[in-house]
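Read the numbers this way: they start at 1 and go in the same order the structure lists the ligands and their atoms. Quick note: numbers below take in every heavy atom, side chains included, and nothing from hydrogens, waters or symmetry partners.
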Amino acid sequence: MAAPEKLYPRTGDNQTIYLKNVISNPNIEIGDYTMYNDFVNAPAAFEKNNVLYHYPINGDHLNIGKFCSIACGAKFLFNSANHKMDSLSTYPFPLFFEEWGLDRKDVADSWDNKGDITVGNDVWIGYEAVILAGVTVGDGAIIGARAVVTKDVPPYAIVGGVPAKLIKKRFSEETIASLLEIQWWNWSKEKIAENIAAIKSGSLEHLK
Ligand SMILES: CC(C)(COP(=O)(O)OP(=O)(O)OC[C@H]1O[C@@H](n2cnc3c(N)ncnc32)[C@H](O)[C@@H]1OP(=O)(O)O)[C@@H](O)C(=O)NCCC(=O)NCCS
């Protein structure tokens, strides 16, 4: 599928962008058509304002699939935020290696590395939601406004709250299985365009 090259999907709306087109960090990957809206800060500053504590030394990745909708102020909190907890102190001594005569190369010992953040396709992330390191969000999930997501979210689940808990599933297990098999987000642009009415109306039979 040819990715859109333009930055703004909507003429006259400079608050909504195709996120992929502003990413320069090689540890961040964003799928085609995934969009971000920000009415507080410049949406193009997503890497700086929304992907936090994400330092190259950890080698941790943010992977977001296609056709996701990311609301203003959603944040991805990476591993340098996780002060080490199996130590007798959470104070990050290795970070201040000069002060304490420690080796610069051990700086990442200051924090626990819980891994990457992976978000599937067609995920809607609500206003000011926070997703923590190590979390995987399945295809079609919805993250409620201001949720703090600490655990994996199954496909097509709706979660909310602090910590985020399952509110409900969007569809029956049978329908979810069909959608995961169909993976409409991997179709060509032409095929998606032909099927928008069916996608919008929830006509699974038509998609099959
Ligand atoms: C999560 C969400 C999608 C659920 O919508 P819904 O299915 O219509 O939910 P309902 O209003 O029927 O609420 C269902 C339950 O979830 C709870 N709930 C809803 N949203 C919640 C949230 N963000 N955090 C915590 N709990 C939430 C409700 O209190 C209710 O609880 P109850 O069953 O104990 O009474 C919606 O509430 C939400 O947060 N949307 C995000 C909006 C947003 O941020 N948009 C940004 C612009 S794109």
Sub-4.0 Å protein heavy atom near [atom]:
atom                    : answer
atom 44 (O) of ligand 1 : yes
atom 28 (C) of ligand 1 : no
atom 13 (O) of ligand 1 : no
atom 41 (C) of ligand 1 : yes
atom 31 (O) of ligand 1 : no
atom 35 (O) of ligand 1 : no

At a 4.0 Å threshold, what atoms of ligand 1 neighbour a non-hydrogen atom of [X]?
X    : value
G160 : 24 (N), 25 (C)
I158 : 1 (C)
Y127 : 43 (C), 44 (O), 46 (C)
I142 : 3 (C)

For the residue pair [X] and [Y], what are the closest heavy atoms and their distance?
X    : Y    : result
D38  : G73  : OD2-N, 4.4 Å
A157 : L166 : CB-CD1, 3.5 Å
P9   : T16  : CD-O, 3.2 Å

For atom 25 (C) of ligand 1, tell me which residue out of S69, G161, A71 has the closest non-hydrogen atom.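 Looking at heavy atoms only, G161 sits closest to atom 25 (C) of ligand 1.
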Taking atom 6 (P) of ligand 1 as the point of reference, which of M35, K168, R146 owns the nearest heavy atom?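 Among M35, K168, R146, the closest heavy atom to atom 6 (P) of ligand 1 belongs to K168.
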Classify the ring geometry between [X] and [Y] as parallel (under 30°), tilted (30 to 60°) or perpendicular (over 60°).
X    : Y   : value
H54  : F78 : tilted
W184 : F67 : tilted
F46  : Y36 : perpendicular

Short N-O contact, K20 and D32, less than 4.0 angstrom: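 Result for this pair is yes, salt bridge flagged.
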With nothing but distance in play, are any N or O atoms of A145 less than 3.5 Å from an N or O of ligand 1?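 N/O-N/O distance below 3.5 Å exists for this pair.
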Among all protein heavy atoms, pick the one closest to [atom] and tell me residue, atom and distance.
atom                    : value
atom 48 (S) of ligand 1 : W124 NE1, 3.3 Å
atom 1 (C) of ligand 1  : G144 CA, 3.6 Å
atom 20 (N) of ligand 1 : I167 CD1, 4.3 Å

Only one of N27, N82, N79, D116 forms a side chain to side chain contact (heavy atoms under 4.5 Å, CB included) with N58, so which one is it?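 It is N79; the other options fail the test.
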Once you round to the nearest 0.5 Å, how far does CD1 of I70 lie from CZ of F76?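 Between atom CD1 of I70 and atom CZ of F76 there are 4.5 Å.
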Separation of I117 CD1 from I131 CD1 (nearest 0.5 Å):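 Atom-to-atom, I131:CD1 and I117:CD1 are 6.5 Å apart.
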Any heavy atom of E128 closer to ligand 1 than 4.0 angstrom?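 Not so, E128 does not reach ligand 1.
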